[in-house]
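First the structure, in the form of structure tokens, and then the observations on it.
For the single chain, residues carry numbers from 1 onward in sequence order.
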Amino acid sequence: MTKAKQKQTGSFYTVNRVAEFIAKWAIRSSNDSVLEPSFGDGIFIDQAINRFKEFGNNHPSIAAVELQPDIVLTARTRYDEKHFEFYLCDFLSTEFDCHFDVVIGNPPYVSLRTLPDDQYLSAKKVINEYGTKCPNNGSLWFPFVLHAISSIKDNGRLAFVMPFEITYARYASELWSVLSNNFAKLSIFRIYEDFFPNVDVETVLLFAEDKGGFTNQIEYSIFETVDDLLSNKVSKDDVIHISEIIRNNKPFVYSSLPPKYQQLHNTIKKSGLISPLIESCKFKIGYVSADKSYFHPNSDIISHYNISKTNLVPTILNAKQLNGGSEIGIEVLVDDYTTSLYLPNIVTDDDFLYIKYGESLGVHQRYKCKRRNPWYITPSVETPDVILSVFGDIPKLVMNKGGYAVTNSLLAGFIKNDSAQQLLCRWYNSLTLLSLELNVHSLGGGSFVVIPGEADKLEIIDYIPEKDVEEIYCELNAIVKTKGVKAAYNAGDELVLRNIFNLSQNDIYAIRDAVQYLRNWRTPANRRNYKITHDNKIIQNPHEIDCININLA
């Protein structure tokens, strides 16, 4: 199967040794009946057969489901159909005559909104039957797990390869509630070694056992390599309470930190050095125009249609503009950008012509435009106090001195009780980067994407003495212009953490190492080229730190 076909169908195949481990964990008797609901290349079938052979059963009861005809045809040729049942169908629309002792496999990782109509309706039916909700941008694994639960006998087991997203996605909390009400024991195994290299998302192993029981917690085990998994060499064990997931926290990320870094973070929180960002600033998504080209006319179009300046709102389109090379520091000024949003307050004859031009292009038929009245007025256009880039490991925060609006490629921040200068001085240091790692999710490839709800959970330095604000601000502004955003965070460590709050260099190294530790976990390229130190710090070029000792003035 081509990579393109794999992405389209969500059919990424698990490595053999992990499939073997899952089969051995799940199949505990020669009489167990097994279901593989999306069998793909058959690796779980193969490992199930091997497991049954260990029990002396050469004719096991295995049912397997797959949507793709060519794969089912190959399987029917390859395996002895006398002892296997192959279903060419959508698992979510299939009702089996009996329930199974074991369900194992690797559910598809595709968005519900990309499914054909019939599959989408099947997925929604399963979701509704459990009284749960899953957004259209949610993944197919959500209803897959639900329907798998329905297919398991009392006392039965489930073992799936899942995206790490299951541990923190907002919509996944409802799935955990269902799992906790159906199984007596739940476990997540996380492996630093990238055992699923065809996918740019981190994967974990989900185990659920004793169907018909109840639990309010998840046993969480971390392994450095697949070899460690097979030999049960656990790097760290922890217990995660279901309530922590339901509250939309990211407990699995925090729990992944070695104890010394958890001690560091707890000490900082108890010291009062950091406070919730939401107390000082609320971030919102920028406006959605629905047609970037039409609603952001260039100078030629503006001249041709004689569009008045009063109907043009200065705007920043994206992070590329926000970064702006060496000219843009941590503030944007009037005339730094020439881009404007077309937002007619008064429709003149010239505007009427431009609006008709938009209709000739079909802009008024765009989904967002059809919901507006009139269609050419973009809603929710505001002028934020500060602007934050959305994508990337090291986001850029700037003061909006130029009075720009921003698109939904950026976040618009509105100050509550601080000055913008004060907020920026509090922002640029490694404690902010650590909070980002602990609270912000990543896309494929490990890239950050900051959304308002996660920005609300950030914690940053509580307060900078007013006598120091102007000097720190000017220095950070100059550093961003000459050395870049990353250098500003490092400078903030010295200017704020060291000089004002008297953190030692050892403390600052520990904060930076904790950031790097979590960054390596979420970055596939790092996990494919990992370096493991003697004390289980999965970080590159770590500082050797024996203890954490925060001494605040």
Side-chain angles (χ1 to χ4, degrees), residues 274 277 280-281 283 286 316-333 336-337 384-402 404 406-407 409-413 415 418 420-443 445-451 454-455 458-461 464 469-499 508-509 511-516 518-520 522-523 525-526 540:
I274 57 178
L277 175 62
S280 304
C281 183
F283 280 95
I316 302 175
L317 292 176
N318 50 41
K320 183 177 181 180
Q321 279 192 335
L322 191 69
N323 289 326
S326 61
E327 298 303 315
I328 305 297
I330 58 172
E331 60 186 23
V332 290
L333 307 175
D336 276 344
Y337 307 100
D385 301 304
V386 293
I387 304 167
L388 181 65
S389 60
V390 170
F391 298 100
D393 288 353
I394 307 175
K396 185 176 186 180
L397 182 69
V398 304
M399 187 195 304
N400 187 18
K401 285 187 174 182
Y404 296 94
V406 296
T407 70
S409 294
L410 299 162
L411 289 187
I415 301 292
D418 269 344
Q421 268 195 341
Q422 167 78 225
L423 182 67
L424 268 78
C425 292
R426 295 167 57 200
W427 177 272
Y428 280 102
N429 58 76
S430 292
L431 279 175
T432 301
L433 295 179
L434 179 57
S435 188
L436 286 162
E437 291 292 339
L438 289 170
N439 293 287
V440 175
H441 77 285
S442 61
L443 299 176
S447 299
F448 265 149
V449 53
V450 186
I451 59 176
E454 291 175 344
L458 295 178
E459 295 178 307
I460 64 171
I461 287 290
I464 305 292
V469 168
E470 183 67 29
E471 182 180 351
I472 292 171
Y473 180 86
C474 290
E475 189 158 352
L476 290 172
N477 192 38
I479 287 171
V480 171
K481 286 184 176 182
T482 57
K483 298 180 181 179
V485 178
K486 182 178 180 180
Y489 283 95
N490 290 336
D493 290 347
E494 187 69 22
L495 295 169
V496 176
L497 303 186
R498 192 105 161 87
N499 294 349
I508 292 170
Y509 280 157
I511 295 165
R512 291 177 179 177
D513 284 351
V515 172
Q516 187 62 53
L518 294 176
R519 188 173 290 167
N520 283 354
R522 67 173 169 79
T523 307
N526 290 349
Q540 297 168 337

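Here the rule is side-chain contact (heavy atoms from CB on, under 4.5 Å) with Leu431, and of Ile508, Val496, Asp493, Ile511 only Ile511 fits it. Just one residue in the list Leu423, Leu436, Ile274 forms a side-chain contact (heavy atoms from CB on, under 4.5 Å) with Ile460, and that residue is Leu423.
Here the straight-line distance linking atom CZ of Arg426 with atom CD1 of Ile472 works out to 12.5 Å at 0.5 Å rounding. With rounding to the nearest 0.5 Å, the separation of CD in Glu437 from CZ in Arg519 is 5.5 Å. Within the model, atoms CD1 of Ile330 and NZ of Lys401 stand 9.0 Å from one another, a figure rounded to the nearest 0.5 Å. Of the inter-residue distances, the one linking Cys425 atom SG with Glu471 atom CD reads 10.0 Å to the nearest 0.5 angstrom. In this structure, Asn477 CG and Ile328 CD1 are separated by 9.5 Å, a value rounded to the nearest 0.5 Å.
In terms of modelled atom types and a separation under 3.5 Å, the side chain of Asp385 and the main chain of Ile415 share a donor-acceptor contact. Proximity of a side-chain donor or acceptor of Ser435 to a complementary backbone N or O of Leu458 within less than 3.5 Å is not detected. At least one donor-acceptor pair closer than 3.5 Å links the side chain of Gln422 to the backbone N or O of Ile464. Checked by atom type and distance alone, the side chain of Lys396 pairs as donor or acceptor with a backbone atom of Asn323 at under 3.5 Å. Tyr404 places a side-chain N or O within donor-acceptor distance of the main-chain N or O of Asp336, the cut-off being under 3.5 Å. Counting only distance, with no hydrogens or angles, the side chain of Glu454 and the backbone of His441 share a donor-acceptor pair below 3.5 Å. Distance alone, capped at 3.5 Å, places no donor-acceptor pair between the Asn400 side chain and the Ile387 backbone.
Closest approach of Ser389 and Val450 over heavy atoms only: O-CG2, 4.4 Å. Scanning all heavy atoms of the two residues, the minimum distance from Val406 to Ala412 falls at CG2-CB, 3.8 Å. The shortest heavy-atom contact between Asn520 and Gln516 is OD1-NE2, 2.7 Å. In terms of heavy-atom proximity, Tyr428 sits nearest to Leu397 at OH-O, 2.6 Å. Counting all heavy atoms, side chain and backbone alike, Val386 lies closest to Cys281 at CG2-SG, 4.0 Å. The two residues Ser430 and Val515 come nearest to each other via the heavy atoms O-CG2, 3.8 Å.
A tilted orientation is assigned to the rings of Phe283 and Trp427, their planes being inclined by 30° to 60°.
Geometric assessment of Arg512 against the ring of Tyr489 yields a negative cation-pi assignment under the 6.0 Å and 45° thresholds.
Counting only heavy atoms from C-beta outward, the side chains of Ile316 and Val332 approach each other to under 4.5 Å. Looking only at side-chain heavy atoms (C-beta outward), Asp393 and Arg522 come within less than 4.5 Å of each other. Put simply, the side chain of Leu410 does not reach to within 4.5 Å of the side chain of Gln321, judged on heavy atoms. Using a 4.5 Å heavy-atom threshold, the side chains of Asn499 and Glu494 count as touching.
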**Prompt:** Where do Leu322 and Leu388 land on the side chain to side chain contact (heavy atoms under 4.5 Å, CB included) test, with the steps shown first?
**Reply:** CA-CA 9 Å; Leu322 191 69; Leu388 181 65; over 6 Å; no

**Request:** Give the C-alpha distance, both sets of side-chain angles, the deciding distance and a yes or no for side chain to side chain contact (heavy atoms under 4.5 Å, CB included) between Ile461 and Asn429.
**Result:** CA-CA 9 Å; Ile461 287 290; Asn429 58 76; 3.5 Å; yes

